[in-house]
Amino acid sequence: MTAFSDPLMRGQSVEPVDSVQAAERWIAARGDQWVADSAYSFAVVDGGGLVLGQVCIGSVDRRHAVGWVSYWTTATARGQGIASRACCAVARWAFDDAELFRLELGHRVNNPASCGVARAAGFAVEGQQRQKLQYDDVRFDVELHARLATDREPVSL
């Protein structure tokens with residue numbers, strides 16, 4: 001719940017994760033998605049098991065072998081390359097184990113840190129979607145990135 005109390009996390013979940021029950025529902029939904037083969041979520045933890053974030057492959061389209069990557073980190077984990085390493089790891093898993101070919105992700109254009117994560121994890125810029133997202137009555141453009149199973153691995157992070 002601490003991660004979701006961060007103001008930067010507002011809007012990252014359909015329902016606020018502000019109680020133990022809400023956290024349990026959030027975790028259960030991730031498990032249900034895995035069973036349904038529609039999304040795969042992974043906790044990002046340090047060596048002692050402290051949660052640093054999450055990385056997910058959602059909107060899985062088996063017909064075209066495509067998935068959508070999303071990620072978040074706790075405030076204390078930001079700026080350390082953790083999200084980029086998690087995205088690299090989940091991409092390798094998606095290509096090798098989940099048999100996906102294409103991974104896509106997007107970020108608000110006013111979020112250069114997220115762009116840095118995508119680029120460091122080997123996701124190439126492909127374009128921009130105008131005013132795709134809305135937060136607090138403000139619309140934001142989204143920059144699109146993608147990584148293919150045939151792309152070279154990014155330089156070691």
Side-chain angles (χ1 to χ4, degrees), residues 1-78 81-108 111 113-115 117-124 126-127 129 132-136 140 142-151 153-154 157:
M1 292 183 320
T2 303
F4 287 98
S5 67
D6 181 340
L8 291 177
M9 290 294 293
R10 251 185 243 124
Q12 299 302 312
S13 180
V14 174
E15 110 178 66
V17 181
D18 54 6
S19 69
V20 171
Q21 294 80 14
E24 288 171 345
R25 284 191 300 274
W26 187 85
I27 291 168
R30 307 290 79 74
D32 293 345
Q33 292 168 343
W34 191 295
V35 169
D37 197 31
S38 63
Y40 307 100
S41 296
F42 298 87
V44 179
V45 298
D46 69 7
L50 177 68
V51 173
L52 302 174
Q54 183 223 5
V55 63
C56 177
I57 301 168
S59 301
V60 173
D61 178 341
R62 284 284 165 202
R63 163 79 171 81
H64 298 289
V66 175
W68 182 266
V69 174
S70 60
Y71 46 88
W72 55 262
T73 55
T74 60
T76 57
R78 292 185 191 129
I82 292 167
S84 296
R85 289 192 301 276
C87 285
C88 281
V90 82
R92 184 55 24 225
W93 177 86
F95 299 143
D96 293 347
D97 296 332
E99 299 178 343
L100 296 178
F101 177 77
R102 176 182 170 86
L103 297 176
E104 302 169 339
L105 68 81
H107 61 83
R108 293 187 322 249
N111 187 345
S114 196
C115 185
V117 167
R119 288 175 181 264
F123 287 75
E126 290 193 331
Q129 293 175 306
K132 180 176 183 174
L133 301 178
Q134 180 176 338
Y135 296 100
D136 299 324
F140 294 92
V142 170
E143 185 171 77
L144 299 172
H145 295 250
R147 184 169 162 190
L148 307 179
T150 54
D151 289 344
E153 289 290 321
L157 299 172

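Position 1 is the first residue of the sequence, and the numbers go up from there.
Residues passing the side chain to side chain donor-acceptor pair (under 3.5 Å) test with E126 are R102, sequence neighbours excluded. Looking at residues two or more places apart in sequence or on another chain, you find no side chain to side chain donor-acceptor pair (under 3.5 Å) involving D46. Applying the side-chain contact (heavy atoms from CB on, under 4.5 Å) criterion to A149, with sequence neighbours excluded, gives F95, F101. The side chain to side chain donor-acceptor pair (under 3.5 Å) check on E99 picks up nothing, with sequence neighbours excluded. For S114, the side-chain contact (heavy atoms from CB on, under 4.5 Å) partners at least two apart in sequence or on another chain are Y71, H107, N111. Under the rule for a salt bridge (Lys or Arg N to Asp or Glu O under 4.0 Å), R119 has no partner lying at least two apart in sequence or in another chain. Under the salt bridge (Lys or Arg N to Asp or Glu O under 4.0 Å) criterion, D97 pairs with no residue, sequence neighbours left out. Evaluation of the side-chain contact (heavy atoms from CB on, under 4.5 Å) rule for S59 yields W68 as partners, not counting sequence neighbours. For W34, the side-chain contact (heavy atoms from CB on, under 4.5 Å) criterion is met by Y40, F42, W93, not counting sequence neighbours.
The two atoms that bring A121 and C88 nearest to each other are CA-SG, 3.5 Å, heavy atoms only. For D151 against A146, the heavy-atom pair with the smallest separation is OD2-O, 4.4 Å. Contact between L103 and I57 at its shortest, heavy atoms only, is CD2-CG2, 4.1 Å. Minimum heavy-atom separation, I82 to L52: CD1-CD1, 3.9 Å. Scanning both residues, T73 and A83, for their nearest heavy atoms gives CG2-CB, 3.9 Å. Smallest separation of non-hydrogen atoms from V117 and S84: CA-OG, 3.3 Å.
Comment: D96 engages R92 in a salt bridge, judged by a side-chain N to carboxylate O separation of less than 4.0 angstrom.
The CZ atom of F140 sits 15.0 Å away from atom NZ of K132, with the distance rounded to the nearest 0.5 Å. For the atom pair CD of E143 and CZ of R108, the computed distance is 13.5 Å after rounding to the nearest 0.5 Å.
In this structure, the side chain of H145 does not engage the main chain of A118 through any donor-acceptor pair within 3.5 Å.
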**Asked** Do V69 and E104 pass the side-chain contact (heavy atoms from CB on, under 4.5 Å) test, and can you show the C-alpha distance, the side-chain angles, and the key distance before you say yes or no?
**Response** CA-CA 6 Å; V69 174; E104 302 169 339; over 6 Å; no
**Message:** Go through it in stages, so that I can follow the logic: the residues are R147 and E153, the test is salt bridge (Lys or Arg N to Asp or Glu O under 4.0 Å), and I'd like the CA-CA distance, side-chain angles, deciding distance and then a yes or no.
**Reply:** CA-CA 10 Å; R147 184 169 162 190; E153 289 290 321; 3.0 Å; yes
**Request:** Could you walk me through whether S70 and L105 pass the side-chain contact (heavy atoms from CB on, under 4.5 Å) test, one step at a time?
**Result:** CA-CA 7 Å; S70 60; L105 68 81; over 6 Å; no
**Request:** Verify side-chain contact (heavy atoms from CB on, under 4.5 Å) between V66 and V60, making sure each step is shown before the conclusion.
**Result:** CA-CA 6 Å; V66 175; V60 173; over 6 Å; no
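No donor-acceptor contact under 3.5 angstrom links the side chains of S41 and Q33, judged on distance only.
Residue pairs meeting the salt bridge (charged side-chain N to carboxylate O under 4.0 Å, His left out) criterion with at least one partner in residues 56-73, sequence neighbours excluded, are D37-R62.
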